[in-house]
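Structure, as structure tokens:
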Amino acid sequence: MIVAETGFEDCYRQHVARLVALGETMAGDREVARDLAHEAFLRLHRHWESVAGYQDVGGWLARVMANLLIDHHRSRDAQRRAVERLARRPDVGSAGIELEGDGWATLVAALPLRQRVIVTLHYAEDLSVVDIAEALEISPGTVKSALSKARDALRSRGDITDA
């Protein structure tokens, strides 16, 4: 049976379990695998008109999943390296936040990962919004929004004050 005849929903049911299992094997994390599998199916849905006619839609999905996993690991590794660099820098950020020792890690621990990385790059590494956007491959607006939300969260907890 040709995939184009069975429809997207049938294709999803046919391939989702195998794709999640593949992702879990590669990532070692079932939740990450599920998220990336769903992203792969979103991409399939966007390109359904052209991909539905392929002989091996499962192979196409596996390639997309592998690329998503590679991107995920690159991003995670880059974020980890940035945080490790910051942990080695004893100084004070421009917001008057102590960056020495475990203080910084404790301060930002409750923030979502993206916000932690962005505020760390901005305040500890003194990177501009544009530089952060380029490094993380996101828009400058996303960086500004994350900085604002992180500052608001830290302010609401009393961890920082307006100077």
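At distances below 3.5 Å, at least one donor-acceptor pair connects side-chain atoms of Arg116 with backbone N or O atoms of Leu111. With Arg18 contributing its side chain and Gly58 its backbone, the two residues share a donor-acceptor pair below 3.5 Å.
Taking hydrophobic clusters as Ile, Leu, Val, Met, Phe, Trp and Tyr residues chained together by side-chain heavy-atom distances below 4.5 Å, Ile70 does not share a cluster with Leu36. Cluster annotation: Leu42 is not connected to Trp60 through the hydrophobic network of ILVMFWY side chains, with a link wherever side-chain heavy atoms come within less than 4.5 Å.
Look at Lys149 and Asp152 and you find no salt bridge, because none of the NZ, NE, NH1 or NH2 atoms lies under 4.0 Å from a carboxylate O.
Among all heavy-atom pairs drawn from Val129 and Pro140, the shortest one is CG1-O, 3.5 Å. What you find for Ser139 and Ala133 is that their closest heavy atoms are C-CB, 3.8 Å. Shown here for Gly23 and Leu69, the closest heavy-atom pair between the two residues is CA-CD1, 3.8 Å. Contact between Glu31 and Arg34 at its shortest, heavy atoms only, is OE2-NH1, 2.9 Å. Heavy atoms only, all atoms of each residue included: Trp48 and Gly7 are closest at CZ2-C, 3.5 Å. Closest approach of Leu44 to Cys11, counting heavy atoms only: CD2-SG, 3.9 Å.
No side-chain heavy atom of Glu9 sits under 4.5 Å from any side-chain heavy atom of Tyr12. Taking the side chain as every heavy atom from C-beta outward, Thr142 and Arg114 approach each other to under 4.5 Å. Proximity of Gln115 to Ile118: side-chain heavy atoms (C-beta onward) are nowhere separated by under 4.5 Å. Taking 4.5 Å as the limit, some side-chain heavy atom of Val119 sits within range of a side-chain heavy atom of Val108.
In this structure, Leu22 CG and Leu61 CG are separated by 10.0 Å, a value rounded to the nearest 0.5 Å. One distance of note links CE of Met65 with CZ of Arg43; it measures 11.5 Å at 0.5 Å rounding. Note that NE2 of His122 is 11.0 Å distant from CG of Asp131, once rounded to the nearest 0.5 Å.
Here the options are His47, His15, His45, the test is ring-ring contact (aromatic ring centres under 6.0 Å, His included), and the partner is Phe8; only His45 passes.
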